[in-house]
Structure formats: structure tokens, C-alpha cells
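Below: the structure, in C-alpha cells.
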Amino acid sequence: MAASSNSSLSGSSATSDPEDYQPPIWKSYLYQLQQESPRPKRTMCPQEVESRPKYYGREFHGMITREYADGLLGGVEGAYLIRESKRQPGTHTLALRFRQQTLNYRLFYDGKHFVGEKRFESVHDLVTDGLITLYIETKAAEYIAKMTTNPIYEHLGYTSLLRDKTVHRLGHARTESRRVTFQRDGMVRPISSSPAVRRSALRDSPEKQASYHKVHNFKVHTFRGPHWCEYCANFMWGLIAQGVRCSDCGLNVHKQCSKLVPSDCQPDLRRIKKVFSCDLTTLVKAHNATRPMVVDMCIREIELRGLKSEGLYRVSGFSEHVDDVRLAFDRDGEKADISADVYADINIIAGALKLYLRDLPIPVITFDLYSTFIQAAKNTNADSRLEGIHEGLLQLPPAHYETLRYLMAHLRRVTMFEKDNLMNADNLGIVFGPTLMQPPEQNALATLNDMRQQKLVIQLMIEHEDVLF
């Protein structure tokens with residue numbers, strides 16, 4: 001079936017030049033099989049059964065044997081009934097006729113009917129879906145096993161758009177040339193055997209472009225009407241939960257195909273419901289930005305009018321005003337007005353920035369690297385401690401690295417006004433340690449024990465920002 005008859009690709013198959021884009025031909029074999037699959041036929045009980053649960057209809061026959069149920073179905077393809085098990089009274093079995101044999105499934109109900117993972121509003125829908133799945137997986141087992149071997153994913157407009165689209169990023173990226181050792185003589189030497197270079201030379205060295213890869217956020221989805229997989233081009237069969245959809249970009253694929261899709265999600269702004277509490281990489285990719293706009297805008301405003309404010313980042317703004325800023329970003333995005341005309345107290349803007357960083361679902365220093373930084377901070381040798389932190393930074397996802405780099409450069413500028421704002425790297429480390437670093441398991445005792453190391457990690461990043469990043 002041609003793509004023109006399928007609405008599943010609206011929003012994910014457009015190219016930069018729609019006139020040049022030719023949609024692929026969707027493979028119709030599995031769709032044809034679904035159309036051929038047996039239709040359910042309810043075998044009704046001629047008399048009322050007193051023990052019939054209220055969520056079953058006349059297809060319930062009470063406590064009968066497997067053999068008797070087989071006889072009632074009469075060899076009719078797709079015929080089904082429900083019986084109470086004689087072996088386990090109180091449990092119910094779905095008897096279904098398929099390919100000249102009677103299949104028996106333990107049937108459950110918890111507000112919806114199910115025999116496996118899928119849950120249905122009615123037994124009839126459950127049987128319809130089951131017959132489709134049985135028929136397709138029986139007739140096309142070999143085809144299904146091979147359907148991912150020749151994907152059309154790379155030829156879809158979605159991936160062509162990502163490949164052809166060059167996003168200019170203003171930030172700095174990480175390269176192997178950034179891997180350095182730290183010496184007490186003030187010199188910085190690469191771990192490789194190249195000649196020693198001074199900090200100023202390292203700071204001015206050219207850096208490569210960052211690649212902001214993002215995995216798809218797939219969730220099981222029920223498609224209304226025929227839909228085709230955008231990875232293998234095959235029909236997504238069944239009545240409900242036929243496949244998965246990326247909640248960030250809208251890509252639709254089979255569940256088995258989702259494991260093969262590259263980490264190239266390009267989030268759609270229409271699907272990003274809010275700015276705060278949104279995954280950091282998701283947000284920057286959706287906006288084609290280097291860092292989250294909250295970080296850029298708040299730091300810009302603070303450096304414009306707040307660097308000399310006493311207790312900057314330590315003094316809290318009114319919580320209701322901070323929440324107003326959060327709502328403004330969620331509602332208006334880059335158009336949010338956080339100027340002095342609206343929020344005269346710079347501590348409100350500083351508080352909003354801290355709230356944004358604290359509410360990230362994955363902290364700036366990611367859960368999987370938390371122990372790396374904590375262990376580095378515990379190192380008693382100052383040079384080894386910096387090397388450990390640097391190694392951790394090199395492993396951060398690009399969006400997290402760039403956000404942290406930009407924030408540390410800003411905090412270092414804050415310390416340059418210490419005489420006015422009374423903020424140095426030590427107390428900024430106290431403020432931002434638990435904001436930027438959170439243990440993977442929310443253990444209050446572990447967090448308390450790690451507070452000193454959290455503070456030290458941020459303090460060292462501020463003091464050595466010019467070398468570490």
C-alpha cells in the first residue's frame with residue numbers, strides 16, 4: 001500500500017524540500033494477512049449461568065471440561081467461549097478455535113480483560129486481536145524474523161532531514177586533545193607523549209563540534225486506523241498496542257524495530273509540554289540550541305545586573321515569584337520576560353536557575369557518573385583529584401557537558417566580584433553541589449555523607465574552569 005493512503009507519517013516524514021521528497025512504498029503483506037485473519041464468533045450459552053461474573057456475557061458457560069468446550073465450539077474457526085476451570089474453581093479460561101484445534105488461555109480481569117500484556121475493554125476485542133496475532137505470526141513467522149534486515153529508515157524523510165540539516169552550535173565540544181594531566185608547577189601536559197603546553201595555550205586550542213545524540217523515548221501506543229512501521233516499512237498489526245511511538249519526536253515503529261533505531265531523535269517542539277523538568281538533551285535538541293534557554297537567559301540577566309548583589313545564589317528570592325518565572329518559561333519559552341521591569345530582585349532569577357537545574361529528571365552531572373566524581377573528590381592527591389574530575393567531565397553527554405561548562409564559567413565570574421557579593425568558590429560549591437549532583441538512589445544518609453565531596457567537586461570546577469573545560 002502506498003504512503004499516500006496512510007496517515008501515520010504526518011509530522012515525521014517531511015524533508016527540507018517537500019517537492020523533492022518521494023515517499024517510500026509501504027509493504028502490504030502483513031496488512032493483507034490481517035484482512036484475511038479469522039473473525040471472532042461468540043459461542044453463547046443457551047441458558048443463564050448463575051455463577052457468571054458481571055463482566056462476562058453469554059459467552060460464559062460455567063464450569064465445564066475442556067472436552068465439552070471443544071465440542072461446543074464445533075470446529076468453527078474463530079469460535080470462542082469462556083468457562084470456569086474444573087481443576088481450579090474460581091479461575092476462568094478462554095477457549096478459542098484456531099487452525100483446527102482448541103487453544104485454552106487463562107483469562108484475567110482487573111477492570112480490563114487480558115491473557116498477556118495487552119489489556120482490552122471487551123473479551124471480543126481481546127479475541128479479535130488474538131486471532132490477528134496468531135494468524136500473522138503463524139503464516140509469516142519467517143517473514144517477521146527477517147523484516148528488520150532491510151530497513152527503509154535511512155531513506156525516510158525524517159532521517160534525511162536530520163542528516164542534511166546542519167545545526168550551528170556556538171558552544172565548545174570535547175575532543176581527545178582535551179585529555180590532560182595536572183602538575184603542581186602550573187604546567188598542563190597531555191596524557192599522550194606530546195610536548196607540554198601551558199594553560200593559556202590549552203584554553204585557546206581549537207575544539208571540534210559536539211554531536212548531541214539523543215535516544216528515542218518510545219512508549220507502547222495504540223494506533224487508530226492502519227499504520228506502518230517507519231523503520232522496516234511493514235504494517236503494524238493488531239487491534240491495540242500495535243507498536244511504540246517516540247513521545248518526543250513522534251516516530252512510529254514496531255516494538256522489535258525500536259531496538260534497532262539509531263539514537264537520532266529530533267524532538268518536536270509541539271510535543272515538549274514544558275521547559276522545567278524536561279530532559280536536558282531533549283530540550284536543547286527541540287530548540288536546536290547548545291544549552292537550555294533557561295540557563296542562557298538567567299545567566300545573561302544575572303551578569304547584566306546582579307554580579308555585585310550580596311549573597312548572590314545564597315540569598316533566596318520569594319518562592320512564589322520564583323514559581324512565576326518557572327511558569328513563564330513553561331508557557332512562553334524563549335519569549336519569557338525576566339527583565340528588571342518584571343522581577344526587580346535578581347535573587348528571583350538566581351532562584352529560578354537553581355530550581356531549573358535541581359528539577360532536571362537527570363542531573364547535570366548524571367546519575368551514572370555520580371560515583372566517578374565523588375571518588376575523584378576523595379583522592380588525597382590534588383593533581384590526581386583534578387585528573388579524576390576531568391575524566392568524569394569527558395564522559396558527560398554533550399548537552400550536559402556544555403551546560404556545566406557555561407555555568408562554571410559564569411560562577412567563576414561571580415567569584416571575581418567577591419568583595420561585593422561575598423561569594424567565593426567554596427560557598428558556591430555548597431550551594432550548587434546538591435543542585436548539580438544527586439546520587440542515583442535517593443538515600444538521605446548517602447547524600448549527607450557525600451555533601452563535602454559534592455561541594456569540593458563544584459569548588460574545583462569553578463577554580464580550575466579554564467583548564468577542566
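Note that the structure is a prediction, hence the values are computed from the model and not measured.
- Rounding to the nearest 0.5 angstrom, the gap separating the OG1 atom in Thr133 from the CZ atom in Phe98 is 10.0 Å.
- The line from CG of Leu394 to CG of Leu468 is 9.5 Å long, rounded to the nearest 0.5 Å.
- Under the side chain to side chain contact (heavy atoms under 4.5 Å, CB included) criterion, Phe318 pairs with Glu320, His321, sequence neighbours left out.
- Under the 6.0 Å cut-off for aromatic ring centres, Phe235 and His227 do not qualify, their centroids lying 6.0 Å or more apart.
- The closest side-chain heavy-atom distance from Tyr406 to Thr290 is not below 4.5 Å.
- One distance of note links OG of Ser371 with CE of Met437; it measures 9.0 Å at 0.5 Å rounding.
- For the 3.5 Å distance criterion, the side chains of Tyr68 and His61 fail to qualify, holding no donor opposite an acceptor.
- Applying the 6.0 Å contact sphere to CD of Gln100 captures no more than 12 heavy atoms from other residues, nucleotides or ligands.
- Judged purely by atom type and a 3.5 angstrom limit, Lys255 has no side-chain atom pairing as donor or acceptor with the backbone of Val244.
- Note that the CD atom of Gln459 and the CG atom of Leu411 stand 12.5 Å from one another [nearest 0.5 Å].
- Side-chain atoms of Lys27 come within 3.5 Å of backbone atoms of Cys232 as a donor-acceptor pair (strictly under, hydrogens ignored).
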* To do: Verify side chain to side chain contact (heavy atoms under 4.5 Å, CB included) between Glu391 and Ile389, making sure each step is shown before the conclusion.
  => CA-CA 5 Å; Glu391 286 296 316; Ile389 292 173; over 6 Å; no

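- Formation of a donor-acceptor pair under 3.5 Å by the Arg245 side chain with backbone atoms of Gly243 is not found in this model.
- Atom CG of residue Leu73 and atom CG of residue Leu103 lie 10.0 Å apart, to the nearest 0.5 angstrom.
- The nearest pair of heavy atoms linking Ala286 to Ile272 is CB-CG1, 3.9 Å.
- His410 and Tyr313 have their aromatic ring centers within a separation under 6.0 angstrom.
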* Evaluate ring-ring contact (aromatic ring centres under 6.0 Å, His included) for Trp228 paired with His254, printing each intermediate quantity in order. => CA-CA 9 Å; Trp228 274 255; His254 291 112; over 10 Å; no

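- Of the residues Leu357, Val295, Ile365, the one that meets the side-chain contact (heavy atoms from CB on, under 4.5 Å) test with Leu404 is Ile365.
- Across Leu436 and Pro363, no two heavy atoms sit closer than the pair O-CB, 3.7 Å.
- Using a 4.5 Å cut-off on side-chain heavy atoms (C-beta onward), Arg66 and Thr102 make no contact.
- A donor-acceptor pair shorter than 3.5 Å can be found between the side chains of Asp264 and His216.
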* Asked: side chain to side chain contact (heavy atoms under 4.5 Å, CB included) between Asn288 and Gln266: does it pass, once the steps are laid out?
  -> CA-CA 9 Å; Asn288 282 328; Gln266 180 62 44; 3.4 Å; yes

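- When all heavy atoms of Lys219 and Ser247 are compared, the closest pair comes out as CE-OG, 4.0 Å.
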* Asked: side chain to side chain contact (heavy atoms under 4.5 Å, CB included) between His92 and Tyr109: does it pass, once the steps are laid out?
  -> CA-CA 10 Å; His92 302 111; Tyr109 180 80; over 6 Å; no

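- Inter-residue side-chain proximity for Leu396 and Val364 is flagged as unmet; no heavy-atom pair is nearer than 4.5 Å.
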* **Residue pair Gln34, Tyr135: steps toward the side chain to side chain contact (heavy atoms under 4.5 Å, CB included) verdict** => CA-CA 8 Å; Gln34 175 161 313; Tyr135 187 77; over 6 Å; no

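- His400 is listed as a side-chain neighbour of Leu280, based on a closest heavy-atom distance under 4.5 Å.
- Within 6.0 Å of atom NZ in Lys41, more than 12 heavy atoms from other residues, nucleotides or ligands are found, so the atom counts as buried in its surroundings.
- No donor-acceptor distance shorter than 3.5 angstrom exists from the side chain of Asn347 to the backbone of Ser316, with no hydrogens or angles considered.
- Note: Ile338 CD1 to Ile348 CD1 = 11.0 Å, rounded to the nearest 0.5 Å.
- Residues passing the side chain to side chain contact (heavy atoms under 4.5 Å, CB included) test with Asp279 are Lys214, Thr281, Thr282, Pro361, Ile362, sequence neighbours excluded.
- Few gaps surround CZ on Phe108; more than 12 heavy atoms of other groups in view lie less than 6.0 Å from it.
- Across all their heavy atoms, Ile349 and Val325 have their closest contact at CD1-CG2, 4.4 Å.
- For the pair Arg358 (side chain) and Thr435 (backbone), a donor-acceptor distance under 3.5 Å is absent.
- Listed by first then second residue, pairs satisfying salt bridge (Lys or Arg N to Asp or Glu O under 4.0 Å) with a partner in residues 80-100 read Asp70-Arg97, not counting sequence neighbours.
- Within the 4.5 Å cutoff, the side chain of Ile458 has heavy atoms near those of the Met408 side chain.
- The side-chain heavy atoms of Leu30 and Tyr143, taken from C-beta on, include a pair separated by under 4.5 Å.
- Salt-bridge check for Arg119 with Asp110: passed, with a basic side-chain N closer than 4.0 Å to an acidic carboxylate O.
- The side chain to side chain contact (heavy atoms under 4.5 Å, CB included) check on Pro440 picks up Phe367, Tyr370, with sequence neighbours excluded.
- Residues Cys278 and Leu360 come closest through the heavy atom pair O-CD2, 3.6 Å.
- The stretch residues 49-61 participates, sequence neighbours left out, in these salt bridge (Lys or Arg N to Asp or Glu O under 4.0 Å) pairs: Arg42-Glu59, Glu48-Arg52.
- In this structure, the side chain of Thr91 engages the main chain of Gln88 through a donor-acceptor pair within 3.5 Å.
- The local environment of CE in Met63 is crowded, with over 12 non-hydrogen atoms from other residues, nucleotides or ligands closer than 6.0 Å.
- The two residues Val284 and Ala399 have their closest heavy-atom pair at CG2-CB, 3.7 Å.
- A ring-centre distance under 6.0 Å is not found for Tyr31 and Trp26.
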* Passes side chain to side chain donor-acceptor pair (under 3.5 Å), Tyr80 versus His124? Steps please. -> CA-CA 9 Å; Tyr80 72 94; His124 193 78; 3.2 Å; yes

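- Side chains of Phe218 and Val261 form a contact here, defined as non-hydrogen atoms less than 4.5 Å apart.
- Under the ring pair (Phe, Tyr, Trp, His ring centres under 6.0 Å) criterion, His221 pairs with Phe223, not counting sequence neighbours.
- Counting heavy atoms from C-beta on, the side chains of Leu107 and Thr93 never come closer than 4.5 Å.
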